[in-house]
Peer 1: 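Below are the structure tokens for one structure; questions will follow.
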Amino acid sequence: MVSQASTAVVGPSLAWRLGFLYAALFLVVGCYLPYLPVWLKWRALDADQIAILLATPLYVRIVFTPAISFAADRLGSRRLILIALAWGSLASFVLLWLSAGFWQMLLAAILLAINWTTIMPLIETVAISGIRKNGLDYGRVRLWGSLTFIAASLGAGFVIQLSGPGAVLPMLLIATSLMVVGSYLVPRDLGGRGEVNAAPVRRLRLRDGFALTHAPLFLLFLLAASLIQGSHALLYAFGSLHWQAQGFSGGTIGVLWSIGVIAEVALFAMSGRVMAYAGSTRLLVLAGLATALRWAFMAFDPPLWATGLLQTLHALSFGAAHLAAIHFLTHAVPEDRAATAQGLYAAVVAGIVLGTVTLACGPLYRLLGGEAYAVMALLAALGTGAAFSLRRRWQGGLVVDETEHVPPAAEPLTRA
């Protein structure tokens, strides 16, 4: 009776706390992603230098995100690590603002990447803990991030129009300060090892983290998710430029991006019912099919009305794939390695694969133009095949054997 009452009180509070944290996170992303290049150009950097600064986080995360995530699991204090990374991100933006010249900016960008690229996996880990312990509806919390991204990208554009590109860094500092506040709102029981009276937990060892890299089902999951999400690289890198080449105006292009995010929000709003009906692996297969279909039609340079319709598929190509990944990691990875799994997922999907495909998109787009989307469709189709194989092989259990890592003191309780 007491636990039920406690859950009823904690649930809404937890949802609002994490909703604020996601909103603050995507307030930063909504200013950073569209407008940091504008600020860098305003600071007299050339195109090659801007590309290097923007690509740095994709490769820095390959090493640092799994390492910091494993440290968070090993120390059992994800909340403290999250707070430290939030402060580190704020300091990095200050250094970037004060930097003079490319090399100082590059050092600031590296420091920012070390701090920033692990924040999202840790927040996702906290959300996974909320799913496990409090029955949190992940999608309804995550949608606040998507809504804030829309507001931030539109609002920041308006501010820049009035005040000039110099306003970008002050906006980023304000947004990151809110993220620091949000990190302190994370409940201690979700940001650490758990309840005070819980069974003793053995300190995580390095080989426990490496066990994930040898788990065939986890690797198959990474392959499927990487190919599906990585196929978005052409849209992220050259989507706006190609729409300009098709004759779409800047305002129209902004609306097209917004359509995709709004469709994503709609999916997140009903994620509980979607997950109950589809399950994680079936949803990943559906996401792969929708992604391949989306890029196959994009390869034909569709007219504006058709492009708008194809943008609604972002709800499935990105949103459904992301939901499926979060719920797979929730049920397939032991709690003590949740942050490590998120770090590996971010490093492979958004680091190695997305970074490599992004680099390949340069010559692909130069040679093929919009027809390069056909290559992205092929990648998504391969990812769909891997997702289908995962669906057939995964029975819903853990992908690594948790019993090998239970401490001796906890064995009698486990047997009981």
Side-chain angles (χ1 to χ4, degrees), residues 58 61-62 65-66 69 120-121 124-125 128 131 138-139 142 211-236 264 267-268 271 274-275 277-296 313-334 337-338 340-358 360-361 373-400:
L58 297 176
R61 79 187 332 153
I62 294 172
T65 297
S69 299
M120 174 64 91
E124 301 283 35
T125 303
I128 284 176
I131 296 172
Y138 170 80
R142 173 63 170 74
L212 287 170
T213 66
H214 299 295
L217 290 179
F218 185 74
L219 295 177
L220 187 57
F221 158 73
L222 286 182
L223 176 64
S226 296
L227 291 174
I228 293 170
Q229 295 285 25
S231 71
H232 289 68
L234 184 65
L235 177 72
Y236 295 156
E264 173 190 316
L267 176 70
F268 287 154
S271 63
V274 171
M275 291 307 307
Y277 173 76
S280 55
T281 53
R282 184 185 297 172
L283 189 61
L284 190 60
V285 172
L286 179 61
L289 290 172
T291 308
L293 183 68
R294 183 185 184 186
W295 305 142
L313 287 178
H314 191 73
L316 295 176
S317 69
F318 171 78
H322 184 67
L323 274 179
I326 291 299
H327 282 269
F328 176 85
L329 293 172
T330 300
H331 299 293
V333 176
R337 275 159 280 183
T340 303
Q342 283 286 342
L344 289 170
Y345 172 73
V348 174
V349 175
I352 297 173
V353 176
L354 187 61
T356 301
V357 178
T358 298
C361 282
Y373 278 112
V375 180
M376 300 299 107
L378 177 60
L379 285 180
L382 293 173
T384 304
F388 183 75
S389 178
L390 179 66
R391 171 162 173 72
R392 295 184 61 186
R393 297 177 61 188
W394 185 57
Q395 302 301 315
L398 297 176
V399 296
V400 292

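Hydrogens, waters and symmetry mates play no part in the numbers below; they use all other heavy atoms, side chains included.
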Peer 1: Minimum heavy-atom separation for T356 and I352, please, with both atom names.
Peer 2: OG1-O, 2.6 Å
Peer 1: Closest heavy-atom contact between S317 and I228?
Peer 2: O-CG2, 3.9 Å
Peer 1: Taking S271 for the side chain and F268 for the main chain, is one N or O donor matched with an acceptor at less than 3.5 Å?
Peer 2: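 Present.
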Peer 1: Got a sec, which residues hit ring pair (Phe, Tyr, Trp, His ring centres under 6.0 Å) with F328, two or more places apart in sequence or on another chain?
Peer 2: F221, W394
Peer 1: Can you give each donor-acceptor pair under 3.5 Å made by side-chain atoms of residues 374-384, sequence neighbours left out, with the distance rounded to 0.1 Å?
Peer 2:
unit_1	atom_1	unit_2	atom_2	d
T384	OG1	G288	O	3.1
T384	OG1	L289	N	3.4
T384	OG1	A380	O	2.8

Peer 1: What's the separation between atom CG in L284 and atom NE2 in H327, rounded to the nearest 0.5 Å?
Peer 2: 13.0 Å
Peer 1: Identify, with sequence neighbours excluded, every residue that meets side chain to side chain donor-acceptor pair (under 3.5 Å) alongside S231.
Peer 2: W295
Peer 1: Is there a side chain to side chain contact (heavy atoms under 4.5 Å, CB included) between L220 and R393 once you walk through the steps?
Peer 2: CA-CA 10 Å; L220 187 57; R393 297 177 61 188; 4.0 Å; yes
Peer 1: Considering all heavy atoms of both residues, which atom of L390 and which atom of L217 are nearest to each other, and what is their separation?
Peer 2: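 Closest heavy-atom pair between L390 and L217: CD1-O, 3.7 Å.
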Peer 1: According to side-chain hydrogen bond (donor to acceptor under 3.5 Å, both in side chains), does anything in residues 277-292 pair up with another residue at least two apart or in another chain? List the pairs.
Peer 2: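 Applying side-chain hydrogen bond (donor to acceptor under 3.5 Å, both in side chains) to every pair that reaches into residues 277-292, excluding sequence neighbours, yields nothing.
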Peer 1: With the side chain counted from C-beta on, respond yes when L283 and M275 share a heavy-atom pair under 4.5 Å apart, and no when they do not.
Peer 2: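 Answer yes - side chains close enough.
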Peer 1: Sequence neighbours left out, what passes side chain to side chain contact (heavy atoms under 4.5 Å, CB included) with V349? Give chain and number order.
Peer 2: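 With sequence neighbours excluded, V349 shows a side chain to side chain contact (heavy atoms under 4.5 Å, CB included) to A225, S226, Q229, Y345, given in chain and number order.
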Peer 1: Might you point out which heavy atoms bring L398 and H331 nearest each other, and give the distance in Å?
Peer 2: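 Between these two residues, the closest heavy atoms are CD2-O, 3.7 Å.
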Peer 1: Tell me the closest heavy-atom pair linking A321 and A287, and the distance in Å.
Peer 2: N-CB, 3.6 Å
Peer 1: Among residues at least two apart in sequence or on other chains, which ones pass side chain to side chain donor-acceptor pair (under 3.5 Å) with H322?
Peer 2: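 In terms of side chain to side chain donor-acceptor pair (under 3.5 Å), with neighbours along the sequence ignored, H322 is linked to E124, Y138.
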Peer 1: Between V357 and A233, what is the shortest heavy-atom contact and its length?
Peer 2: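 It is CG1-CB, 3.6 Å.
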Peer 1: Tell me, with the steps shown, if L323 and R142 meet side chain to side chain contact (heavy atoms under 4.5 Å, CB included).
Peer 2: CA-CA 10 Å; L323 274 179; R142 173 63 170 74; over 6 Å; no
